[in-house]
Number of protein chains: 2
Amino acid sequence: MSTLRSRPNLSDIAAALGVSVATVSNAMSGKGRVSTELIEKIRKTAAEIGYIPSFPGKALRTGRSGVLGLVLADIVHPLFPQIAQAVEFAAANCGYGVLIADSRGDTATQADAINRLLERGADGLVVVPRRGTRIGDIGRPVVVIDSPSTPGNTVAADHWNGGQQIARHLLSHGHRRFVIIGGSSTSNVQNDRVGGIRSSLPTDAASEVIWIEGIEQSKAKGCDLDLAAKARQGFTAFCAVSDLHALRALMELQRGGVAVPEEASVTGFDDLIWSPVVTPGLTTMRMDMATIAEIAIARLIDAIEAEGRGPDDDVASSEIHSSNISHDISAADVSSVPMQLVVRQSSGRAPVHQRSIQEE
Amino acid sequence: MSTLRSRPNLSDIAAALGVSVATVSNAMSGKGRVSTELIEKIRKTAAEIGYIPSFPGKALRTGRSGVLGLVLADIVHPLFPQIAQAVEFAAANCGYGVLIADSRGDTATQADAINRLLERGADGLVVVPRRGTRIGDIGRPVVVIDSPSTPGNTVAADHWNGGQQIARHLLSHGHRRFVIIGGSSTSNVQNDRVGGIRSSLPTDAASEVIWIEGIEQSKAKGCDLDLAAKARQGFTAFCAVSDLHALRALMELQRGGVAVPEEASVTGFDDLIWSPVVTPGLTTMRMDMATIAEIAIARLIDAIEAEGRGPDDDVASSEIHSSNISHDISAADVSSVPMQLVVRQSSGRAPVHQRSIQEE
DNA sequence: CTGTTTTGATTAACCGTTTAATCACCTAGC
DNA sequence: GCTAGGTGATTAAACGGTTAATCAAAACAG
């Protein structure tokens with residue numbers, strides 16, 4: 001029947017070999033009882049006629065779409081390419097597709113976006129939330145990326161430790177007076193990074209935190225942050241918690257006649273795409289997005305597969321306090337993936353005159 | 001039967017009202033013949049019990065998944081967030097989902113990525129191709145974004161005209177000696193932009209094109225482009241065909257003691273996320289991604305829907321030379337969407353001393 | 001009052017796959 | 001020789017929605 005028109009299906013294979021569809025299905029999935037030689041033959045003819053399993057068919061029967069939803073809630077997140085690429089790669093490796101939904105920075109739209117994905121039958125969701133947003137129970141497995149302070153099942157870079165690493169790097173180069181530059185004080189990620197930096201400073205070091213959003217509210221958007229003045233006051237290390245802010249600092253200092261890295265060091269976070277090409281190349285902390293995505297996807301798929309069977313099954317799970325009602329991702333915890341220091345030309349040894357200032 | 005367990009389906013509604021599933025289906029889709037009051041009742045109970053149509057079910061029957069594939073072939077394309085967001089938005093507005101696949105810059109993987117999407121049942125593909133790559137016939141509707149010189153069904157920004165606009169902007173500010181900075185001479189997009197710029201220069205203007213990739217091959221990666229020297233030779237306009245290169249030029253000039261925009265103007269392309277925040281803010285050409293995506297998606301969906309019926313049907317299409325074999329997107333042509341000039345602080349009036357140099 | 005059309009709804013097949021239940025057959029045990 | 005058990009395959013019923021074909025009743029024309 002279905003000779004020319006549509007793509008080959010199980011019954012085409014069955015017909016070609018004179019066996020039943022069920023047998024073919026069993027042979028392909030390795031589930032039922034099929035003789036080894038028949039399996040071999042079926043595999044062969046399947047390949048010959050170019051059989052491709054139908055996802056809708058499978059989805060309809062099993063209730064699993066084989067698709068994960070990726071919800072991007074932050075406007076045009078500069079890390080999006082990295083995240084999307086890593087998530088898609090990890091998912092594809094596990095045989096899953098990735099459906100995207102962007103909520104364009106609007107918190108209200110975030111719910112819509114999530115719903116769109118659920119209606120489409122996404123088996124689980126990866127959410128990169130808008131800051132401050134919490135993801136409620138949506139009746140399907142969810143994993144959150146990027147803000148470790150978020151409650152729930154979260155995978156994130158170890159931002160705190162990242163802050164510590166960058167601080168230690170600068171300390172080891174003799175810096176003692178730090179300006180820490182953040183965007184918004186409401187961001188969990190940024191607070192973690194700032195906290196990590198400050199926690200690593202010894203008692204003989206001084207630091208000052210600048211929140212750009214705050215300054216821009218009192219002054220103008222894109223206004224001067226008076227960093228050159230800070231440099232003249234003796235600050236030598238300018239740690240931004242994002243490459244975006246680091247770039248801004250870098251340019252402001254250079255325009256203000258402060259040479260980088262000779263007179264001041266500038267560091268960032270995230271290793272964005274252009275960070276290597278600016279002059280001087282930006283010293284920054286890179287998140288291991290591949291690992292983060294891998295862990296996130298692995299967890300998600302675990303949860304999805306655990307969902308099918310009840311609270312207990314063949315896995316001989318050890319003494320679960322089976323709370324039948326709550327979706328038992330109750331082992332929800334936070335995974336932290338270490339960040340990696342990338343040293344480029346924007347950071348260097350603190351200028352000698354610093355000591356004198358510091359001792360004044 | 002299916003009371004508590006799974007989500008409600010058509011037969012639940014049918015059972016609740018004592019009608020047949022077919023009637024309910026007709027009522028929801030508005031296809032068959034159903035009395036207006038019954039439609040009303042069905043809609044109401046559907047909403048009450050929280051009915052959500054099953055995509056797999058529909059897909060299985062109709063052969064349409066309601067999903068488009070977005071193939072990103074260029075490594076970590078800086079425009080990706082813009083593209084993805086616009087495409088997703090446009091697709092969602094038409095009731096389609098977007099499945100992504102990244103080929104991580106590898107040309108070979110691009111075919112894999114496309115296949116993954118097709119196997120998953122994507123109804124059509126939006127491809128942002130790696131430069132130079134051609135997309136062969138894949139048996140489903142395809143639309144290509146971003147390189148107007150690519151043969152086939154393409155939607156792109158009018159890069160050539162963008163080049164003309166930026167050139168006119170600089171000319172009107174008195175600039176006469178141009179350095180045009182490109183990345184790779186193999187890129188269609190970049191060549192279009194360069195061509196647009198040069199085509200607009202009057203005979204009394206001088207221009208020189210620099211391809212960064214070429215320079216870096218003979219020198220080192222991230223090496224100096226000697227732009228400050230060019231400025232001293234009397235060049236006042238530095239037109240990069242990407243904000244990435246513009247940023248690099250901007251920093252190099254500033255480091256070399258050339259004030260921007262007082263002594264030289266720098267312009268870019270694409271209005272990337274950080275372009276407003278650098279100092280001085282970058283004058284650049286923005287592509288209207290929303291419109292591009294809208295057109296691309298509209299075309300794709302047209303092609304998908306036309307695919308179902310034969311070469312002719314109810315649409316009374318005028319005299320088609322029905323070539324039954326080729327997938328009849330044969331009306332394949334190129335749409336160009338105008339670019340928009342964004343003037344910021346990095347461009348300004350040409351310094352006066354230029355005239356003297358020019359007249360020497 | 002009869003024959004035809006229109007309207008509103010039903011029936012049943014189908015899309016491609018999975019899976020529990022069943023069955024025919026062969027081997028072994030006593 | 002008859003039964004119990006195992007093996008390799010088949011049957012048939014879903015999963016949820018669409019749609020062509022059918023049908024009963026009502027509306028209408030003559």
Side-chain angles (χ1 to χ4, degrees), chain A residues 1-3 5-42 46 49-66 95 118-121 123 305 308-309, chain B residues 1-3 5-43 46 49-66 95 119-121 123 305 308-309 313-314:
Chain A
M1 272 305 151
S2 52
T3 48
R5 201 100 181 94
S6 65
R7 66 195 210 184
N9 55 10
L10 284 188
S11 37
D12 288 333
I13 305 180
L17 290 173
V19 296
S20 76
V21 265
T23 304
V24 179
S25 172
N26 283 329
M28 301 298 287
S29 63
K31 285 272 180 71
R33 290 184 301 214
V34 190
S35 65
T36 2
E37 60 256 50
L38 186 48
I39 289 190
E40 192 54 38
K41 277 203 292 187
I42 289 178
I49 69 175
Y51 168 71
I52 297 171
S54 152
F55 276 81
K58 182 182 309 208
L60 182 55
R61 182 63 229 255
T62 62
R64 295 267 166 72
S65 62
L118 291 181
E119 287 175 13
R120 275 233 149 56
D123 294 335
E305 283 170 358
R309 38 178 203 272
Chain B
M1 271 305 152
S2 52
T3 49
R5 201 99 181 96
S6 66
R7 65 194 209 182
N9 54 10
L10 283 190
S11 36
D12 289 333
I13 305 181
L17 290 173
V19 297
S20 76
V21 265
T23 303
V24 179
S25 173
N26 283 330
M28 301 298 287
S29 62
K31 285 274 182 69
R33 290 184 299 215
V34 191
S35 65
T36 2
E37 60 256 50
L38 186 47
I39 289 190
E40 193 53 39
K41 278 203 293 185
I42 289 178
R43 287 260 160 80
I49 68 175
Y51 168 71
I52 298 171
S54 153
F55 276 82
K58 181 184 309 210
L60 183 53
R61 181 63 228 254
T62 62
R64 294 268 165 72
S65 62
E119 288 176 12
R120 275 231 149 56
D123 294 335
E305 283 169 358
R309 38 178 202 271
D313 207 327
D314 54 353

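Keep in mind the model is a prediction, meaning the values are calculated, not measured. A, B, ... follow the sequence lines: proteins, then strands. Residue 1 opens every chain.
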DNA chain D contacts among residues 14-26 of chain B, heavy-atom distance under 4.0 Å: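 Within this stretch, B:A22, B:S25, B:N26 sit under 4.0 Å of the strand.
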What's the [atom1]-[atom2] distance between [X] and [N], to the nearest Å?
X: B:E37; N: C:dA9; atom1: CD; atom2: C1'; value: 12 Å
X: B:I42; N: C:dG8; atom1: CD1; atom2: P; value: 13 Å
X: A:E119; N: D:dG17; atom1: CD; atom2: P; value: 13 Å
X: A:L10; N: C:dT17; atom1: CG; atom2: P; value: 4 Å
X: B:I13; N: D:dG17; atom1: CD1; atom2: C1'; value: 12 Å
X: A:I52; N: C:dG16; atom1: CD1; atom2: P; value: 13 Å
X: A:R64; N: D:dG16; atom1: CZ; atom2: P; value: 14 Å
X: A:K58; N: D:dG16; atom1: NZ; atom2: P; value: 18 Å

Donor-acceptor pair, distance only, cut-off 3.5 Å: does the side chain of [X] make one with the backbone of [Y]?
X: B:S25; Y: B:V21; answer: no
X: A:R120; Y: B:G66; answer: yes
X: B:R64; Y: B:K58; answer: no

Heavy atoms only, 4.0 Å cut-off, all strands: where does A:P56 land among base, sugar-phosphate and nothing?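 The residue A:P56 makes no contact with any strand.
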Indicate, with a heavy-atom threshold strictly under 4.0 Å, whether B:Y51 touches base, sugar-phosphate, or nothing.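 The answer is sugar-phosphate, as B:Y51 gets under 4.0 Å only of primed atoms, P, OP1 or OP2.
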Provide the closest heavy-atom pair for A:R7 versus B:E119 in the form atom of the first, atom of the second, distance.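 Looks like NH2-O, 3.4 Å.
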How close do A:S65 and A:A59 get, heavy atom to heavy atom, and via which atoms?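 Scanning both residues completely, I find the closest heavy atoms to be CA-CB, 4.0 Å.
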Roughly how far, to the nearest 0.5 Å, is [atom2] of [Y] from [atom1] of [X]?
X: A:D123; Y: A:E305; atom1: CG; atom2: CD; value: 9.5 Å
X: A:L17; Y: A:D12; atom1: CG; atom2: CG; value: 11.0 Å
X: A:L60; Y: B:S54; atom1: CG; atom2: OG; value: 6.0 Å
X: A:T23; Y: A:L10; atom1: OG1; atom2: CG; value: 10.5 Å

What pairs of nitrogen or oxygen atoms, one from the protein and one from nucleotides 6-8 of chain D, lie under 3.5 Å apart?
residue, atom, partner, partner atom, Å
D:dG8, N7, A:R33, NE, 3.1
D:dG8, N7, A:R33, NH2, 3.4
D:dG8, O6, A:R33, NH2, 2.8

Polar atom pairs between nucleotides 13-15 of chain C and protein, under 3.5 Å, N or O only, would you list them?
residue, atom, partner, partner atom, Å
C:dC14, O2, B:R61, NH1, 3.2
C:dC15, O2, B:R61, N, 3.3

Can you confirm whether A:I39 sits close enough to A:I42 that some side-chain heavy atom of one is under 4.5 Å from a side-chain heavy atom of the other?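 Side-chain contact under 4.5 Å: no.
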Heavy-atom check, side chain of A:N26 versus side chain of A:R33, under 4.5 Å: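 A side-chain contact is absent here, since even the closest heavy-atom pair is not under 4.5 Å.
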For a quick test of reading the model: is some side-chain N or O of B:K31 closer than 4.0 Å to OP1 or OP2 of D:dT19?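 Yes.
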